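Structure first, then comments.
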Protein chains: 2
Amino acid sequence: MSKQREAILAAVRKSCSHPDADTICAAVRADIPNISLGTVYRNLGKLADEGIIRRISVPSGADRFDKTICPHGHIVCPVCGGVSDLSQEVTQALEQALGDCRSYELTVSRECQECKKL
Amino acid sequence: MSKQREAILAAVRKSCSHPDADTICAAVRADIPNISLGTVYRNLGKLADEGIIRRISVPSGADRFDKTICPHGHIVCPVCGGVSDLSQEVTQALEQALGDCRSYELTVSRECQECKKL
DNA sequence: CTCCTAATTAGTAATAGTTACTAATATTAG
DNA sequence: CTAATATTAGTAACTATTACTAATTAGGAG
């Protein structure tokens with residue numbers, strides 16, 4: 001495992017905001033200034049394929065990455081684009097209805113608290 | 001409403017396979033041979049914004065369009081990429097859990113019957 | 001430790017899906 | 001019919017992502 005890959009994984013694990021590849025690349029550049037965006041994409045993809053992190057796909061936007069591998073739905077704010085986790089209740093209700101299938105993407109569009117205030 | 005727009009809407013309404021912009025463009029070219037792909041995209045977007053058709057966003061693939069405006073989940077076959085509607089039961093269970101929110105995207109990945117046979 | 005091989009990288013080019021732009025054409029209201 | 005407006009075809013541009021390549025780097029055997 002190269003230091004680049006290790007730094008990318010650390011960046012995903014440190015973040016709580018479901019970052020996209022670009023954001024992760026910017027974060028890792030604090031440590032490795034000339035890391036390539038391609039390297040970030042390749043490693044994020046590999047880490048996701050290996051089940052170490054999770055790729056989350058949101059409508060009309062870059063893919064995001066999640067340190068939490070346990071599947072769960074997400075809320076996307078239509079104003080700022082921020083992503084947060086959907087409540088356990090909704091996730092459980094969905095999974096119960098789906099049966100044993102754990103391969104799904106659920107994205108609910110809802111304005112976040114910060115954007116509502118404005 | 002231009003004849004292009006009318007043809008695009010008709011193509012979406014005629015199809016049962018949740019076609020993407022490219023597929024719709026090819027279909028419409030049977031009637032209007034030199035219609036531009038840009039025109040197809042623009043009109044599909046507008047029709048979706050106006051609530052006349054529905055845009056469905058699938059992970060890692062082109063957006064697809066649905067004549068059914070009533071929100072519901074979809075099944076994407078990981079082998080052939082085909083899209084079909086999720087059962088009413090699952091959709092209802094999800095909507096009950098979500099409350100009044102009708103703005104969501106649910107995509108379940110499951111191999112379709114045709115691909116299973118191979 | 002050193003050499004070899006295989007993996008990985010940075011950087012760039014290429015690709016897919018989509019939107020933006022523009023001059024020309026078509027539609028609509030008066 | 002005519003002027004204003006909307007829409008088009010065609011092309012260029014853009015974003016997210018993957019592919020390619022030569023150079024660098026790990027990791028293992030001796």
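From a predicted model like this one, the values you see are computed outputs, not experimental measurements. Residue numbering restarts at 1 for every chain, and letters A, B, ... go by the order of the sequence lines.
Within the nucleic acid shown, Lys46(B) comes within 4.0 Å of sugar-phosphate atoms alone, with no base atom in reach, counting heavy atoms only. Contacts of Arg42(B) with the nucleic acid, taken as non-hydrogen atoms under 4.0 Å apart, include base atoms.
Ile24(B) and Ile32(B) fall within the same hydrophobic cluster, defined by Ile, Leu, Val, Met, Phe, Trp and Tyr side-chain heavy atoms under 4.5 Å apart, directly or through other members.
Interface residues of residues 16-40 of chain A facing DNA chain C, ordered by number: Asn34(A), Ile35(A), Ser36(A), Thr39(A); criterion, heavy-atom separation under 4.0 Å.
Comparing the start and finish of the helix from dC1(C)-dG30(D) to dG30(C)-dC1(D), five pairs each, the helix axis swings through 30°, to the nearest 10 degrees.
With Ser36(B) contributing its side chain and Gly38(B) its backbone, the two residues share a donor-acceptor pair below 3.5 Å. Panel note: side chain His18(A), backbone Phe65(A); no donor-acceptor pair is recorded below 3.5 Å. Without hydrogens or angle criteria, Lys67(B) side chain to Ser15(B) main chain gives a donor-acceptor distance under 3.5 Å.
Nearest heavy atoms, Leu86(A) versus Leu106(A): CD2-CD2, 3.6 Å. Val108(A) approaches Cys101(B) most closely through the heavy-atom pair CG1-SG, 3.4 Å.
For Lys3(B) and dT28(C), the NZ to P distance is 14 Å, given to the nearest whole Å. The interatomic distance linking Met1(A) (CE) with dT9(C) (P) rounds to 10 Å, in whole Å.
Taking only side-chain nitrogens and oxygens, Tyr41(B) never comes nearer than 4.0 Å to OP1 or OP2 of dT19(C).
Looking at residues two or more places apart in sequence or on another chain, you find no side chain to side chain contact (heavy atoms under 4.5 Å, CB included) involving Lys117(B). Partners of His72(A) by ring pair (Phe, Tyr, Trp, His ring centres under 6.0 Å), not counting sequence neighbours, listed by chain and number: His74(A).
A salt bridge links Glu50(A) with Arg5(A); the closest basic N to acidic carboxylate O contact falls under 4.0 Å. Electrostatic pairing of Arg64(A) and Asp20(A) does not count as a salt bridge here, judged by no charged N lying under 4.0 Å from a carboxylate O.
The outermost nucleotides of DNA chain D lying under 4.0 Å from heavy atoms of chain A, listed 5' to 3', are dA16(D) to dG27(D).
Residue Arg64(B) is the one, among Arg64(B) and Gln4(B), whose nearest nucleotide of DNA chain C lies closer to the 5' end (criterion: closest heavy atom). Taking the nucleotide of DNA chain C with the nearest heavy atom to each of Ser2(B) and Asp63(B), the more 5' of the two is matched to Asp63(B).
Residue pairs meeting the side-chain hydrogen bond (donor to acceptor under 3.5 Å, both in side chains) criterion with at least one partner in residues 24-34 of chain A, sequence neighbours excluded, do not occur; the list is empty.
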